[in-house]
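Here is the structure we will look at, set down as structure tokens.
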Amino acid sequence: MRFFANVDWSDIGQACLDTLIMLGGSLILTIAFGLPLGVLLYLTDRGRLSQNRVANAVLGIIVNILRSVPFIILLIVMIPLTVMLVGTSLGVAGAIPPLVVGAAPFYARLVEGSLKEVDRTTIEAVQAMGATTRQIVSGALIPEALPGLIAGATVTAVALVSFTAMAGVVGAGGLGDLAIRFGYQRFQTDVMVVTVVLLVVLVQIIQYAGDALARHFTRR
């Protein structure tokens, strides 16, 4: 244990808490924005319930632009907007807006892909009973695609873990910030090792929980 003698475990604990808050808050908002965006991409696509080529093209361009911007650049570009929204660009609060903007388009595409895998006969059967588009989405599309939506949320959560680590570059706090300030800038290899191990463990827990939840709803 002599290798970890200089590790401040209280700092590690606070960094873990900050990372979990960033991850939880941004994941909830990512799903809240990404799910309806993915549904709209699906509905307005060619041959779908609310086909609209113009709307689909505009939404697709916006999503593709946001997905193509590297997250580290997005963090910097969004500083003025982040300050306007939450009053600061630093700390946990300052990290959540760019995390959501970076992850929501990614999740929206995963949602769109999951909805496209739903059997058309299921949709047609519900449609034949006189259901509205909203009823079809909430009563057939979402329930049928639920395992895929959960798997997509799991992939997005794992991506958000890496995003939260990158957010440490601009002082967002969390394990990434700790790794940069102490592990890299002060050459404390022990801190770097601890933060990497904790991030790996967090990703494994998220992946295991997401896979288990997806399997549960697949068997229903």
Check whether any side-chain heavy atom of Leu23 sits under 4.5 Å from a side-chain heavy atom of Leu202, and report yes or no. yes
Partner of Leu115 under side chain to side chain contact (heavy atoms under 4.5 Å, CB included), picked from Val137, Val39, Leu110, Asp45, is Val39
Look up atom CE in Met129 and atom CD1 in Ile136, then write down how far apart they are to the nearest 0.5 Å. 9.0 Å
Does the side chain of Gln51 reach to within under 4.5 Å of the side chain of Asn56, using non-hydrogen atoms? no
Side chain to side chain contact (heavy atoms under 4.5 Å, CB included) partner of Leu141, the single match among Leu146, Thr122, Ile123, Val126: Ile123
Linked, directly or transitively: Ile21 and Leu199 (ILVMFWY side chains, under 4.5 Å): yes
Which heavy atom of Ile150 sits nearest to which heavy atom of Gly210, and what is that distance? CG2-O, 3.7 Å
Heavy atoms only: give me the nearest Gln207-Val158 pair and the separation to one decimal. OE1-CG2, 3.8 Å
Are Phe71 and Leu99 packed together at the side-chain level, in the sense that at least one heavy-atom pair is separated by less than 4.5 angstrom? yes
So do the side chains of Val155 and Phe106 get within less than 4.5 Å of each other, counting heavy atoms only? yes
Should we say atom CZ of Arg67 is surrounded by more than 12 heavy atoms from elsewhere, each under 6.0 Å from it? yes
Would you call Met78 and Met84 a side-chain contact if the rule is heavy atoms closer than 4.5 Å? no
Can you get from Leu66 to Leu85 by hopping between Ile, Leu, Val, Met, Phe, Trp and Tyr side chains that sit under 4.5 Å apart? yes
Hey, is the main chain of Leu175 close enough, under 3.5 Å, to the side chain of Thr19 for a donor-acceptor pair? yes
Would you check if Glu117 and Glu144 make a side-chain contact, meaning some heavy-atom pair closer than 4.5 Å? no
Hey, is the main chain of Leu149 close enough, under 3.5 Å, to the side chain of Tyr107 for a donor-acceptor pair? yes
To the nearest 0.5 Å, tell me how far Ile31 CD1 sits from Ser26 OG. 9.5 Å
For Met22 and Leu160, what are the C-alpha separation, side-chain angles and deciding distance, and is it a side-chain contact (heavy atoms from CB on, under 4.5 Å)? CA-CA 9 Å; Met22 279 191 287; Leu160 279 169; over 6 Å; no
Tell me the closest heavy-atom pair linking Val86 and Ala93, and the distance in Å. CG2-O, 3.7 Å
Can you list the steps and then say if Val111 with Tyr42 is a side-chain contact (heavy atoms from CB on, under 4.5 Å)? CA-CA 8 Å; Val111 169; Tyr42 170 82; over 6 Å; no
Look up atom CG in Asp211 and atom CD1 in Ile206, then write down how far apart they are to the nearest 0.5 Å. 11.5 Å
Do Ile96 and Leu29 come close enough that some side-chain heavy atom pair is under 4.5 Å? yes
Here the pair of heavy atoms bringing Phe33 nearest to Ala104 is CB-CB, 4.3 Å
Does one hydrophobic cluster hold both Val203 and Tyr208, with members joined at side-chain heavy-atom distances below 4.5 Å? no
Considering non-hydrogen atoms only, spot the tightest contact between Leu27 and Ala153 and give its length. CD1-O, 4.1 Å
Exercise: identify the closest heavy-atom pair between Ala167 and Leu75: CA-CD1, 3.6 Å
Evaluation steps, side-chain contact (heavy atoms from CB on, under 4.5 Å), between Val69 and Val77: CA-CA 10 Å; Val69 179; Val77 169; 5.8 Å; no
Value for CZ (Arg109) from CG (Leu41), rounded to nearest 0.5 Å, stands at 5.0 Å
Would a hydrophobic clustering, with Ile, Leu, Val, Met, Phe, Trp and Tyr connected at side-chain separations under 4.5 Å, put Ile73 with Ile65? no
Would you kindly say whether Asn52 and Thr44 are connected by a side-chain donor-acceptor distance under 3.5 Å? no
Test of understanding: clusters of I, L, V, M, F, W, Y form through side-chain heavy atoms closer than 4.5 Å, transitively. Do Val100 and Ile28 belong to the same one? no
If we only count heavy atoms from C-beta on, is the Pro97 to Leu81 side-chain gap below 4.5 Å? no
